[in-house]
Amino acid sequence: MLQVNYIRENREKVLERLSVRHFKQVELVDEIIQIDDERRQTQTSLDNLSAIANASAKQIGELMRNGKKEEADAIKAETTANKDKIKHLSDQLSTIELQLHNLLVQLPNLPGPLVPSGITPEENEVVLTYGEPAVLHEQALPHWELTSKYDIIDFELGTKITGAGFPVYKGKGARLQRALINFFLDHATAEGYREMQVPHLVNEASGFGTGQLPDKEGQMYHSTVDNLYLIPTAEVPVTNLYRDVILKEEDLPIKNTAYTPCFRREAGSYGAHVRGLNRLHQFDKVEVVQVVHPDKSYQVLEEMSAYVQSLLKELGLHFRVLRLCGGDMGFTSAMTYDMEVWSAAQQRWLEVSSVSNFETYQANRLKLRYKGNTGKTQLAHTLNGSALALPRIVAAILENYQTPEGIRIPEALVKYTGFNLID
RNA sequence: GGAGAGUUGGCAGAGUGGUCGAUUGCGGCAGUCUUGAAAACUGUUGAGUGUAAUAGCUCCGGGGGUUCGAAUCCCUCACUCUCCGCCA
């Protein structure tokens, strides 16, 4: 959520930045400013009336103590009229504040200076490409055929016990999952992230804090009796650890990592590009999250991007890095890098990580602040990234490392899997 | 699930309807003392809004009510703790 005062003071810039996203409802900006004007006027009137009421009450108290009951009663009579006005104004203020809030949550984050203007994924900027596409043998298969050929992931069994998009990992397939999780967590820890285990269900306030609620309500599984949501990503619980927190400047940066399953409803997607592991309702992911000083966030974004790339390099995968254009970026992000690995059998790029700087957008919702050395509290910047999401990494490994003898395991993973071939 | 107790500033913990944004202790910060530090002493120390700066206004779990006036009384919701029951 953007700060109203920032919008007021930087109207032109806000509009200019929103155009990078090709954001349609630009009239929101002026509506916000107008409603905020109204809010301020109402607030001022209410404050003035309250001041009078407070003074009267104090006066009455004093008179009562001195036993001057008649004088007190006289003032009481006067204050009664004020009471109605105060009640009326404060009702009005609540309505205005609600309106303002409802408008504010409709405004996406402002793209950072490097973000290319654009709408479609084709307008994303390819920042770099690493490695070469794997050369496969003639009988090479897409991963959804490999998984059943080697009996390592069972989609039908998952459908039986739950539904489509909830695979069952078996034998070496299950072991590969566990190996990847440990591999990612070990690397994150070595990179200075603190490993956390967090709840997989979150309350409404947490959903709001990171921006999933109210607009993306339908994308999360919702336990209505308890009003709890299954997390779509560890970003939600891990970032919300710092909701309503005022940190000390020297506590920054905060670097946390967590492995969690992720649950996404993603209703209404069917077809070849969501086959197999490409899109699931439940999947595993290791996430890295940072809370940093505002001056550092873009530097940290580069560091996080480089870190994710180092994982992909170690796994020997051919990948590219995209800087998302304004229109393709998430609602809450100021700048995002997507990492895509090459799927040799599907002949397409698969997104395996998304690293974003949210600047103060989440922090403002979370009331996540730090107290600077000057003694002034201000909003911190938050960032997060997948490091990494498992299913598409597994898909890429299966496809790119397949041989007529079986699927080889990338060298760096062997000490985690305990085997070097799936056959 | 049943019964009871509670929710106050970074933490602990007071608070009779009126001068309580809130006693006090600890912690933090600054100073005195000291070669330096500790101890001791003194001062200072919540968050927001608003202003040129003051002032003013809001906040004692959330919401509502009573009252001229609510941290304090009433209603309601949420959460926490204790005991009992059930249970990995």
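Below, all heavy atoms of this structure are taken into account, side chains as well, without hydrogens, waters or symmetry copies. Here is how names work: the chains are called A, B, and so on, in the same order as the sequence lines, proteins then strands, and each is numbered from 1.
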A/Phe331 and A/Tyr361 aromatic ring geometry - parallel, tilted or perpendicular at 30°/60° bounds: perpendicular

Pairwise C1' distance, B/U23 and B/G13 [rounded to whole Å]: 10 Å

Interatomic distance where NZ belongs to A/Lys367 and C1' belongs to B/U49 [whole Å]: 12 Å

Interatomic distance at C1', B/G62 relative to B/A53, whole Å: 36 Å

Pairs involving residues 63-112 of chain A, ordered by first then second residue, that meet ring pair (Phe, Tyr, Trp, His ring centres under 6.0 Å) (sequence neighbours left out): A/His101-A/Phe208

P gap between B/C75 and B/G4, integer Å: 14 Å

Between B/G10 and B/U45 - C1' atom distance, rounded Å: 11 Å

By salt bridge (charged side-chain N to carboxylate O under 4.0 Å, His left out) - contacts of A/Asp244 (at least two apart): none

Atom pair distance, as rounded to whole Å: CG in A/Asp244 and C1' in B/G9: 15 Å

Pairing string, 5' to 3', for RNA chain B - Watson-Crick or wobble contacts under 3.5 Å, brackets [ ] where pairs cross, | to another strand: ((((((((.[[[..)..(.....]]]((((((.......))))))((((......)))).[[[[[..)....]]]]])))))))....

Distance test, side-chain N/O of A/Arg369 to OP1/OP2 of B/G48, below 4.0 Å: yes

A/Glu411 atom CD, over 12 foreign heavy atoms within 6.0 Å: no

Whole-Å C1' distance, B/C73 and B/G18: 15 Å

Ring pair (Phe, Tyr, Trp, His ring centres under 6.0 Å) partners of residues 154-182 of chain A, not counting sequence neighbours, each pair once: A/Phe166-A/His281

Qualifying residues under side-chain contact (heavy atoms from CB on, under 4.5 Å), relative to A/Gln3, sequence neighbours excluded: A/Tyr6, A/Thr360, A/Asn364, A/Leu379

Protein-to-nucleotide contact annotation, 5' to 3' order, nucleotides 61-78 of chain B [B base; S sugar-phosphate only; - none; under 4.0 Å, heavy atom]: ----S-BBS---------

Value in whole Å for how far the C1' atom of B/G10 lies from CD1 of A/Ile246: 10 Å

Results of salt bridge (charged side-chain N to carboxylate O under 4.0 Å, His left out) for A/Asp154 - residues two or more places apart only: A/Lys170

Separation of the P atoms in B/G64 and B/C59, to the nearest angstrom: 11 Å

Partner residues of A/Phe319 under the ring-ring contact (aromatic ring centres under 6.0 Å, His included) criterion, sequence neighbours left out: A/Tyr130

Polar atoms only, N or O, under 3.5 Å: list the protein pairs with nucleotides 53-57 of chain B and their distances.
residue, atom, partner, partner atom, Å
B/G56, N2, A/Asp47, OD2, 2.9
B/C57, OP1, A/Asn54, ND2, 2.9
B/C57, O2', A/Asp47, OD1, 2.6

Rounded interatomic separation in angstrom, taking CD from A/Glu97 and P from B/G50: 11 Å

Those residues that, when tested against A/Ala380, pass side-chain contact (heavy atoms from CB on, under 4.5 Å) (two or more places apart): A/Val291, A/Leu368, A/Tyr370

A/Arg178: side chain to side chain donor-acceptor pair (under 3.5 Å) partners, not counting sequence neighbours: none

Under 3.5 Å donor-acceptor pairs involving side-chain atoms of residues 50-57 of chain A, not counting sequence neighbours:
residue, atom, partner, partner atom, Å
A/Ser50, OG, A/Leu46, O, 2.8
A/Asn54, ND2, A/Ser50, O, 3.4
A/Ser56, OG, A/Ile52, O, 3.0

Closest contact, heavy atoms only, A/Leu252 versus A/His293: CD1-N, 3.8 Å

P spacing across the pair B/A71 / B/G61, given as an integer number of angstrom: 10 Å

A/Asp251 CG - B/G10 C1' separation (whole Å): 12 Å

Atom C1', compared across B/C84 and B/G15: separation rounded to whole Å: 34 Å

Rounded distance (Å) that lies between atom P of B/U58 and atom CD1 of A/Ile86: 9 Å

d(CD, A/Gln3; P, B/G50) in whole Å: 11 Å

A/Lys371 side-chain N/O to B/G10 phosphate OP1/OP2 under 4.0 Å: no

A/Asn5 or A/Glu62, whichever maps to the more 5' nucleotide of RNA chain B: A/Glu62

Whole-Å gap separating C1' (B/U49) and CD (A/Gln378): 17 Å

